[in-house]
Q: 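Handing you this structure, nothing more for now.
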Amino acid sequence: MGLKFIAMIQSAIETVANELNEFFRLKFGLKEDRVVISNLVNQDGTLAIKDDNRVILSLVMIQEEKMGSYKSAGAIHRAV
């Protein structure tokens, strides 16, 4: 994966976190951010975020889409 791709994914995740935090602020009158971008656990197996009342936003898996045929919702599509 190239650096441009990684930067694009990071930007998308940050945008989602910011939008969720804004929603929570407006809906519940919160003063601080509740959505945190983080791993669920550290490499040693301990919890990455130990604060209560936090929503952890984490990217779990990315899979490259190959050119050619792929199936989507029961239909076959051709990549252009």
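Because the structure is predicted, anything quoted here is derived from the model rather than measured. Side chains are part of it too, since the values below use all heavy atoms of this structure and drop only hydrogens, waters and symmetry mates.
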Q: Pair up each side-chain donor or acceptor in residues 50-57 with any protein partner under 3.5 Å, not counting sequence neighbours, and list the distances.
A:
from	atom 1	to	atom 2	distance (Å)
R54	NH1	E32	OE2	3.3
R54	NH1	D33	O	2.9
R54	NH2	E32	OE2	3.2

Q: Hydrophobic clusters here meaning ILVMFWY residues chained together by side-chain heavy-atom distances under 4.5 Å, can you tell me if F28 and V35 are in one?
A: yes
Q: Just grab all the salt bridge (charged side-chain N to carboxylate O under 4.0 Å, His left out) pairs involving residues 6-19, residues at least two apart or on different chains.
A: none
Q: Can you sort out the partners of S11 under side chain to side chain donor-acceptor pair (under 3.5 Å), two or more places apart, ordered by chain and number?
A: none
Q: Atom OG1 of T15 and atom CG of L20: how far apart are they, to the nearest 0.5 Å?
A: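 The CG atom of L20 is 11.0 Å from OG1 of T15, to the nearest 0.5 Å.
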Q: Only counting residues at least two apart or in another chain, list the ones meeting side chain to side chain donor-acceptor pair (under 3.5 Å) with N42.
A: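 Applying side chain to side chain donor-acceptor pair (under 3.5 Å) to N42 gives T46.
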Q: For the CD1 atom of I13 and the CG atom of L59, what is their distance to the nearest 0.5 Å?
A: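 Result: 4.5 Å between the selected atoms.
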Q: Considering the options V41, V36, L40, which one meets the side-chain contact (heavy atoms from CB on, under 4.5 Å) requirement together with S38?
A: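 Among V41, V36, L40, the one meeting side-chain contact (heavy atoms from CB on, under 4.5 Å) with S38 is V36.
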Q: I'd like to check the salt bridge (charged side-chain N to carboxylate O under 4.0 Å, His left out) partners of E22; sequence neighbours left out, ordered by chain and number.
A: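 Once residues adjacent in sequence are excluded, the partners of E22 under the salt bridge (charged side-chain N to carboxylate O under 4.0 Å, His left out) criterion are R25.
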Q: Do V16 and F5 sit in the same hydrophobic cluster, where Ile, Leu, Val, Met, Phe, Trp and Tyr count as joined when their side-chain heavy atoms come under 4.5 Å apart?
A: yes
